[in-house]
Enquirer: 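Supplied in structure tokens, the structure appears directly below.
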Amino acid sequence: MGNRRHERIPAMDYRQYRRARRLVRECCNYDNGQCMALDEGDGCVCVQSISHSLLCRWFRVAVLPLDHQLETALYHRLESRRCSECGALFLPGSNRAKYCRECAARVRRRKEAERQRKRYHDSTHLGTEKAL
């Protein structure tokens, strides 16, 4: 136990707890409220489904990454930002990031379409400056 890293276990507010409870059902060890990993024949309630903190290591490693926004809110509070498009929390890859992954792709497509539309318009329509 000497070389085991001490992790800070984050506490959740009620809304985060409800989101985590919905995620618990995605765990491969979850079976009708019971945890198969802790089960030794007599049945053991899933600790993550009744706790307001992240106690289950399997849940933290395998299930929580399914909800990026919840994971960011719990583990990366200081480094996280709000998306300019949708307002969701996200972990930026650089200091210039403004959008979450989903919105970044959508904004990039929209801006590229606008750029192509302008380019087409400028190349096919003779403006006043081109006519002279």
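We use all heavy atoms of the structure for the numbers below, so side chains are in, but hydrogens, waters and symmetry mates are not.
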Enquirer: Under a 4.0 Å N-O cut-off, is there an ion pair linking Arg117 with Glu114?
Expert: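 So Arg117 does not pair with Glu114 through a salt bridge.
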
Enquirer: Identify all side-chain donor-acceptor contacts of residues 89-110 below 3.5 Å with residues at least two apart in sequence or on another chain.
Expert:
unit_1 : atom_1 : unit_2 : atom_2 : d
Ser94  : OG     : Arg96  : N      : 3.3

Enquirer: Taking atom OH of Tyr17 and atom CZ of Arg22, what is their separation to the nearest 0.5 Å?
Expert: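 Rounded to the nearest 0.5 Å, the OH-CZ separation comes to 11.5 Å.
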
Enquirer: Evaluate side chain to side chain contact (heavy atoms under 4.5 Å, CB included) for Leu64 paired with Leu70, printing each intermediate quantity in order.
Expert: CA-CA 8 Å; Leu64 190 59; Leu70 181 61; 3.8 Å; yes

Enquirer: With rounding to the nearest 0.5 angstrom, report the CG to CZ distance, Asp13 to Arg18.
Expert: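 It is 12.5 Å, given to the nearest 0.5 Å.
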
Enquirer: If the condition is side-chain hydrogen bond (donor to acceptor under 3.5 Å, both in side chains), which residues does Lys118 pass it with, not counting sequence neighbours?
Expert: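 Lys118 satisfies side-chain hydrogen bond (donor to acceptor under 3.5 Å, both in side chains) with Asp122 once adjacent residues are dropped.
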
Enquirer: Indicate yes or no for a side-chain donor-acceptor contact from Arg82 to the backbone of Gly87 under 3.5 Å, with no hydrogens or angles considered.
Expert: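 Yes, the answer is positive, given that a donor and an acceptor are paired below the 3.5 Å cut-off.
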
Enquirer: Looking at residues at least two apart in the chain, or sitting in another chain, which of them share a side chain to side chain contact (heavy atoms under 4.5 Å, CB included) with Arg119?
Expert: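 Residues passing side chain to side chain contact (heavy atoms under 4.5 Å, CB included) with Arg119: Gln116.
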
